[in-house]
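Beneath this line is the structure, given in structure tokens, with notes to follow.
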Amino acid sequence: MAHRSPMQCIVPPELLRQIIRHGNDEQREAALKTIALDSTFRVRRAETAASLAPAMLRSAAVGGTPGTPHRSIYDQHHGETMALGVATRAEGAPPADDAGVNQAYDGFGATYTFYWDVFQRDSIDNGGMPIMGLVHFSTDYDNAFWDGQGHMFFGDGDGTMFTPLTNSLDVIGHELTHGVTQYTANLSYVDQSGALNESISDVFGSLVKQYAKKQDAASADWLIGNDIVGPMLQPALRSLKAPGKANSHDSQPADMDHFVKTAQDHGGVHTNSGIPSHAFYVVATTLGGNAWEKAGKIWYESLGDAQIKPNCDFATFAKVTIRQAGQIFGPSGAEVDAVKAGWDAVKLKV
């Protein structure tokens with residue numbers, strides 16, 4: 001079934017607020033505009049969720065042959081409407097004369113291929129849902145988001161904080177994974193369940209990139225958004241390897257001792273996501289090899305576990321990952337020990 005969820009962006013609002021406080025005039029203007037648009041879209045999202053959900057179900061039901069994506073890319077021509085723009089590239093069509101259109105198309109394809117090849121998941125809903133990308137949204141828009149209804153929006157960035165957000169495969173994988181989470185655990189986008197939601201998107205966004213680049217856990221960079229940050233936010237937006245150290249504005253904690261209690265950003269969902277994300281990094285690098293084969297499988301199966309409810313907290317998810325590791329690879333295997341080591345590394349008591 002379709003589930004309601006808030007608009008889920010790759011760029012945390014607290015980062016934009018920091019830029020408003022400390023950036024130059026042009027940076028502040030871009031950040032203010034992005035926050036204003038994000039707020040407007042959240043209101044529109046809430047108003048239209050009920051009416052659009054049935055249409056979303058119908059569109060999801062028309063999926064074709066499993067194993068084949070159904071992508072459509074629309075050019076918004078810098079407009080700021082939720083309506084679809086100009087249809088520019090459909091499934092199977094040759095490349096367009098627009099880099100952003102082709103990047104979105106290719107990124108959707110790589111994400112679909114990852115989920116199909118590794119987990120035999122047929123698109124976001126596992127039922128062949130069409131994937132729609134809306135590129136060139138607004139002007140100097142420093143964000144990309146999944147709207148919960150089958151659409152992914154991309155800004156082109158302002159050139160200083162962000163470059164075109166279609167240029168990052170892990171960002172595309174991150175946002176489409178919000179859809180996967182929506183159709184599995186449906187984690188509430190607030191507090192620890194919301195931070196877990198964001199973490200899962202970072203985990204699988206990173207795995208999408210690793211799978212496409214044929215990188216194992218040791219050679220992967222474990223960075224999110226390093227292909228779309230401008231000079232102000234180099235080298236990346238977030239890091240699973242070293243939360244809090246991706247850029248000079250990164251405020252993510254790496255363990256529960258530094259968990260941030262805040263009312264901002266739905267209870268710090270982009271901030272505290274660094275804790276479970278780092279746990280996954282420790283699991284994957286402890287096990288070695290291709291991270292999607294063991295650590296990724298454990299996390300994916302845990303996401304669909306019946307014990308994971310919308311209000312799931314970190315401790316509950318950790319317990320499920322330990323149990324899933326035992327069920328998949330054996331209770332006395334190295335995989336169980338690695339998962340325990342991951343949660344121990346972030347000082348989470350299980």
Side-chain angles (χ1 to χ4, degrees), residues 114-115 118-121 126 174 177-178 180-188 190-208 210-211 216-218 220 222 238-243 252-259 268-269 272-350:
F114 166 79
Y115 275 105
V118 178
F119 305 120
Q120 291 73 58
R121 185 177 188 87
N126 202 26
H174 170 108
T177 297
H178 277 308
V180 174
T181 298
Q182 185 176 331
Y183 278 89
T184 50
N186 193 27
L187 294 168
S188 298
V190 63
D191 299 331
Q192 286 196 19
S193 59
L196 187 59
N197 192 321
E198 278 296 327
S199 171
I200 287 167
S201 278
D202 274 357
V203 162
F204 286 98
S206 182
L207 292 183
V208 167
Q210 292 175 37
Y211 186 77
D216 61 16
W222 295 100
R238 288 188 289 276
S239 170
L240 285 76
K241 179 179 181 178
Q252 282 197 319
D255 58 54
M256 291 300 292
D257 286 352
H258 298 91
F259 183 91
V269 298
N272 292 314
S273 64
I275 297 170
S277 292
H278 186 62
F280 180 86
Y281 163 81
V282 172
V283 176
T285 53
T286 298
L287 291 171
N290 297 323
W292 59 85
E293 292 179 352
K294 290 187 175 181
K297 184 172 180 59
I298 292 166
W299 253 241
Y300 179 78
E301 294 299 333
S302 297
L303 190 61
D305 192 288
Q307 290 189 16
I308 303 300
K309 307 299 182 184
N311 64 347
C312 178
D313 59 14
F314 291 174
T316 300
F317 189 77
K319 291 174 183 176
V320 170
T321 60
I322 293 168
R323 177 169 53 79
Q324 282 287 346
Q327 290 178 351
I328 298 168
F329 298 106
S332 59
E335 294 78 10
V336 171
D337 290 340
V339 174
K340 290 179 179 178
W343 295 113
D344 286 344
V346 298
K347 303 180 181 180
L348 182 71
K349 297 179 180 179
V350 181

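Quick note: numbers below take in every heavy atom, side chains included, and nothing from hydrogens, waters or symmetry partners. As the structure is a prediction and not an experimental result, all values here were calculated from the model.
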Quick one: ring pair (Phe, Tyr, Trp, His ring centres under 6.0 Å) partners of Tyr281, sequence neighbours excluded?
Trp222, His278
Ignoring hydrogens, what is the shortest heavy-atom contact between [X] and [Y]? Give both atom names and the distance.
X: Glu335; Y: Leu287; answer: CA-CD2, 3.8 Å
X: Val283; Y: Ala295; answer: CG1-CB, 3.9 Å
X: Ala284; Y: Ala217; answer: O-CB, 3.7 Å
X: Glu198; Y: Val269; answer: CB-O, 3.6 Å
X: Cys312; Y: Leu196; answer: SG-CD2, 4.0 Å
X: Pro253; Y: Pro243; answer: O-CB, 3.6 Å

Measure the [atom1]-[atom2] distance between [X] and [Y] for me, rounded to the nearest 0.5 Å.
X: Ile328; Y: Lys294; atom1: CD1; atom2: NZ; value: 11.5 Å
X: Phe204; Y: His178; atom1: CZ; atom2: NE2; value: 13.0 Å
X: Leu207; Y: Tyr115; atom1: CG; atom2: OH; value: 8.0 Å
X: Ile275; Y: Met256; atom1: CD1; atom2: CE; value: 5.0 Å
X: Asp337; Y: Asp344; atom1: CG; atom2: CG; value: 10.0 Å
X: Asn186; Y: Asn197; atom1: CG; atom2: CG; value: 8.5 Å

For a 4.5 angstrom cut-off between non-hydrogen side-chain atoms, does [X] reach [Y]?
X: Phe280; Y: Asp202; answer: no
X: Asn290; Y: Gln210; answer: no
X: Gln324; Y: Thr321; answer: no

Would Phe259 and Gln192 satisfy side-chain contact (heavy atoms from CB on, under 4.5 Å), going step by step from the backbone distance to the final call?
CA-CA 10 Å; Phe259 183 91; Gln192 286 196 19; 4.0 Å; yes
Are any side-chain N or O atoms of [X] and backbone N or O atoms of [Y], one a donor and one an acceptor, separated by less than 3.5 Å?
X: Thr184; Y: Gly304; result: no
X: Ser193; Y: Val190; result: yes
X: Thr286; Y: Ala338; result: no
X: Thr181; Y: Thr177; result: yes

Between Ser199 and Ser277, is there a side-chain donor-acceptor contact under 3.5 Å, judged purely by atom types and distance?
yes
side-chain contact (heavy atoms from CB on, under 4.5 Å) for Gln327 and Glu301? Distances and angles first, verdict last.
CA-CA 10 Å; Gln327 290 178 351; Glu301 294 299 333; over 6 Å; no
What's the verdict on side-chain contact (heavy atoms from CB on, under 4.5 Å) for Ile308 and Leu187, showing C-alpha distance, side-chain angles and the deciding distance?
CA-CA 8 Å; Ile308 303 300; Leu187 294 168; 4.0 Å; yes
Verdict with reasoning, Ile200 to Leu303, per side-chain contact (heavy atoms from CB on, under 4.5 Å)
CA-CA 9 Å; Ile200 287 167; Leu303 190 61; 3.5 Å; yes
Is the shortest distance from a Lys or Arg side-chain nitrogen in Lys297 or Glu293 to a carboxylate oxygen in the other one below 4.0 Å?
no
Just one of Phe119, Tyr300, Trp292 clears the ring pair (Phe, Tyr, Trp, His ring centres under 6.0 Å) bar with Phe114, so which one?
Phe119
Trp343 vs Trp299 aromatic rings, parallel, tilted or perpendicular, using cut-offs 30° and 60°?
parallel
